[in-house]
*Asks:* 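Pasting a structure here, questions to come.
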Amino acid sequence: MIPFDYAAPATVEEAVALLAEKNGQAKILAGGTDILVQLREGLRRAELVVDVKKIPELTDLNYSPETGLVLGAAVPCYRIYENAAVAAAYPALADATRIVGGWQIQSRASVGGNLCNASPAGDTIPPLIVYDVVCRIAGPKGLREVSAAEFCAAPGRNVLEPGELLISLAFPPVAPHSGSAYQRFIPRNEMDIAVAGAASWVQLDPAGKTIEKARIALAAVSPKPVYAEEASVWLAGKPANEESFAHAGELAKKVAVPIDDMRGTREYRVHLASVLTRRTLADAVKRAT
Amino acid sequence: MPRRTHVAATVNGEEVEFLCEPRQSLLEVLRENLRLTGAKEGCNNGNCGACTVMMNSVPVNSCIVLAVEADGAEIETVEAIARQGHMHPIQQCFLEGAALQCGVCTPGFLVAAKALLEKNPNPGEHEIRFNLAGNLCRCTGYDKIVRAVQDAAEIMQSAQPAAVK
């Protein structure tokens, strides 16, 4: 690896000052499972690596049923799925954090880092989109908020300006009669990058028969994880049955504009978008009832 | 040239101090500074798990941890698994069950399997395969590894609690 300096600031202000001073030549280190590989392989360069794991706001996980979840950007995956209350409240997030890499990766990799890395195939990003998570960002000009659906800009690029830092992810409290799920397709059993992925969130009527609201998001079928708006809106007021799930799948795949690569062809990924939408909707409904 | 950084950590129960460059991985420092060569460099990018060590009680790939991040941490390597010259049941079962061929992946498997058995003393086959998915083996085809972990679980459950740890 090309040599760099290392700093582990204790406050957001210090971190922002360090990042701003280097004007893009500093890289943020949370779990390191992407950035350290990218630095070693020369895909990214850094004069300074800023380790943000000494900053309490980035490593705190605060959940209460009344206010929802505030997830520090550097909290590793295992702290999410091992937290029974959080895993029960946000099951699509638990699904995704359980399958990011293997156990060793989950010990370090964070959801905030997965989002900042902005891979089109990032497993934890569709759950953030369906929960309508707010990303809290600090920078030289102060704090700002961006919705999870708007955070990624292009493959490997996000909306952070030089000097800015993702602090935390704010999840709304769990709505009554709601459920969610994330699934991806991979040819192996574990440890692979999604050929396609889908997250679904639904809120049912009190009888559990009708979908009142839904949100669907897809991974690995477009330059960034994407909210499937038409399918989500269409589901409102529809019966919570296989027929609705299948039709929503057909609508969701309209936002899929995937590439052909070694993991799958364009046609295959579009088809998977539909299948995974249908399956995650069925799971989400099951979990809501 | 970035300055060398002083790091103090607990490694296998002993307090150690070392100087390292920020770009150096924990794996590099364990092997080259501390001469703990049990953890192996396989892929050097977080895929193969041959460099697995415990860091603050969770398994990590030490090739993608900076050594400077270990400051104040508790690290446990494969060298700490055998106690007072006696192999841990997981080591005994790997040996007797021929759960290794070239052996490069073995230290990582031992560390991860021991962590799994401490979390779940009686894992099923699926759970073993799922939790050890971050450890790759190119020789055995995994079946003997899974069986060795199951055998170790049995021995550890039937053994006196004091003799296990």
Side-chain angles (χ1 to χ4, degrees), chain A residues 1-8 10 26-54 59 74-82 98-110 113 117 186 188-193, chain B residues 1-7 20-28 39 41 43-73 108-109 111-113 115-116 119 125-136 142:
Chain A
M1 241 187 291
I2 293 172
F4 48 76
D5 280 311
Y6 171 86
K27 292 284 174 278
I28 298 163
L29 171 66
T33 55
D34 285 311
I35 191 68
L36 293 179
V37 177
Q38 292 160 357
L39 290 171
R40 183 173 291 145
E41 292 177 356
L43 299 172
R44 293 187 198 265
R45 299 185 69 138
E47 288 175 10
L48 173 70
V49 165
V50 179
D51 185 348
V52 293
K53 293 191 295 298
K54 306 275 191 235
T59 56
V75 172
C77 286
Y78 83 97
R79 282 181 55 200
I80 295 162
Y81 62 73
E82 285 191 356
R98 279 191 191 100
I99 58 173
V100 172
W103 193 7
Q104 293 90 335
I105 296 295
Q106 293 156 16
S107 296
R108 295 258 296 165
S110 64
N117 192 54
I186 55 172
R188 290 153 75 173
N189 290 327
E190 321 296 344
M191 284 285 285
D192 208 347
I193 292 168
Chain B
M1 189 75 182
R3 62 178 181 277
R4 284 157 72 87
T5 305
H6 174 262
V7 175
C20 68
E21 282 181 55
R23 63 164 189 87
Q24 285 186 289
S25 70
L26 176 60
L27 176 65
E28 222 176 305
E41 181 181 304
C43 65
N44 214 23
N45 63 18
N47 269 294
C48 79
C51 63
T52 302
V53 302
M54 300 302 286
M55 183 172 185
N56 297 328
S57 306
V58 291
V60 299
N61 292 316
S62 60
C63 75
I64 46 171
V65 175
L66 295 179
V68 287
E69 291 182 81
D71 193 42
F109 267 104
V111 171
L116 170 62
K119 191 169 72 161
E125 178 181 344
H126 175 78
E127 200 170 355
I128 294 171
R129 289 186 187 271
F130 184 85
N131 280 280
L132 299 184
N135 294 83
L136 303 184
Y142 300 100

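Values reported hereafter were calculated over all heavy atoms of this structure, with side chains retained and with hydrogens, waters and symmetry mates removed. Bear in mind the structure is a predicted one, so any value in this text is a computation, not a measurement. Just so it is clear: chains get the letters A, B, ... in the order the sequence lines come, proteins before strands, and each one is counted from 1.
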*Asks:* Which heavy atom in N47(B) sits nearest to a heavy atom in M191(A), and how many Å separate them?
*Replies:* O-CE, 3.2 Å
*Asks:* With sequence neighbours left out, what residues match K53(A) under salt bridge (Lys or Arg N to Asp or Glu O under 4.0 Å)?
*Replies:*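 Only D51(A), E69(B) meet the salt bridge (Lys or Arg N to Asp or Glu O under 4.0 Å) criterion with K53(A).
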*Asks:* Side chain from CB out, backbone as N, CA, C, O: work out which of these in L132(B) comes under 4.5 Å of a heavy atom of chain A, or both, or neither.
*Replies:*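 No part of L132(B) comes within 4.5 Å of chain A.
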*Asks:* Any idea which heavy atoms bring S107(A) and P59(B) closest together, and the distance?
*Replies:*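 That would be OG-O, 2.6 Å.
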*Asks:* I64(B) and R40(A): which non-hydrogen atoms are nearest, and at how many Å?
*Replies:* CG2-NH1, 4.1 Å
*Asks:* Quick one: OH on Y6(A) to CG on D71(B), what's the gap to the nearest 0.5 Å?
*Replies:*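 Answer rounded to 0.5 Å: 8.0 Å.
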*Asks:* Without swapping roles, check the side chain of R129(B) against the backbone of N189(A) for a donor-acceptor pair under 3.5 Å.
*Replies:* no
*Asks:* Can you give each donor-acceptor pair under 3.5 Å made by side-chain atoms of residues 48-57 of chain B, sequence neighbours left out, with the distance rounded to 0.1 Å?
*Replies:*
residue	atom	partner	partner atom	Å
T52(B)	OG1	Q104(A)	NE2	2.9
T52(B)	OG1	G49(B)	O	2.6
N56(B)	OD1	E74(B)	N	2.9

*Asks:* For R23(B) and F4(A), work out which heavy atoms get closest and say how close.
*Replies:* CA-CZ, 3.5 Å
*Asks:* For a quick test of reading the model, state the closest non-hydrogen atom pair linking N45(B) to E41(A) and the distance between them.
*Replies:* ND2-OE2, 3.8 Å
*Asks:* Looking only at heavy atoms and a cut-off of under 4.5 Å, which of V65(B), N131(B), T5(B), L116(B) has the most pairs with chain A?
*Replies:* V65(B)
*Asks:* Does any backbone or side-chain atom of L39(A) lie under 4.5 Å from a heavy atom of chain B? Answer side chain, backbone, both or neither.
*Replies:*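 No part of L39(A) comes within 4.5 Å of chain B.
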*Asks:* Below 4.5 Å from any heavy atom of chain B, which atoms of Q38(A) appear? Answer side chain, backbone, both or neither.
*Replies:*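 The answer is neither part of Q38(A).
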